[in-house]
Amino acid sequence: AIVSVFAEAPEWAGSAAVDAITRGLKFLPTRAEVFSELSKIRARTRAIAWRAKGHLAEHRRRSDEARAASARVSAAEARSLVQGVLDHVKA
């Protein structure tokens, strides 16, 4: 019966659940205890993944912003160079 609960979860989550459960229990766990621990582990993992995706999105946004700022500087430099050439040609 407990095996079916472990079968629903990835192997790494099962290992983590066994570690957590065996630290606190003196007797064999019930199916509900195993399910509860697996649910906690998977919820923490989802939260970490969600946070990591947020960090990646923020990194992408800042990179795009920096690239755009760099392009604006490059355009300003280009205008300055063109103006310098035009001034030179007029002289």
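Within 6.0 Å of atom CH2 in Trp12, more than 12 heavy atoms from other residues, nucleotides or ligands are found, so the atom counts as buried in its surroundings. For Glu58, the CD atom is densely surrounded, since the number of other residues' heavy atoms within 6.0 Å is greater than 12. More than 12 heavy atoms of other residues, nucleotides or ligands lie within 6.0 Å of CZ in Arg61, so this atom counts as buried by the packing criterion.
Atom OG1 of Thr30 and atom CD of Glu33 lie 3.5 Å apart (nearest 0.5 Å). Annotation: the span from Ser39 atom OG to Arg46 atom CZ amounts to 8.0 Å, rounded to 0.5 Å. In this structure, CZ in Arg60 is found 10.5 Å from NZ in Lys53, a value given to the nearest 0.5 Å. Expressed to the nearest 0.5 Å, how far NE2 of His59 lies from CG of Asp64 amounts to 9.5 Å.
The minimum heavy-atom distance linking Ala13 with Ile41 is given by the pair O-CD1, 3.8 Å. Residues Ala17 and Phe6 come closest through the heavy atom pair CB-CE2, 4.4 Å.
Proximity of Pro29 to Glu37: side-chain heavy atoms (C-beta onward) are nowhere separated by under 4.5 Å.
Judged by distance alone, with hydrogens and angles left aside, the side-chain atoms of Thr22 form a donor-acceptor pair with the main-chain N or O of Val18 at under 3.5 Å. Panel note: side chain Arg31, backbone Ile2; no donor-acceptor pair is recorded below 3.5 Å.
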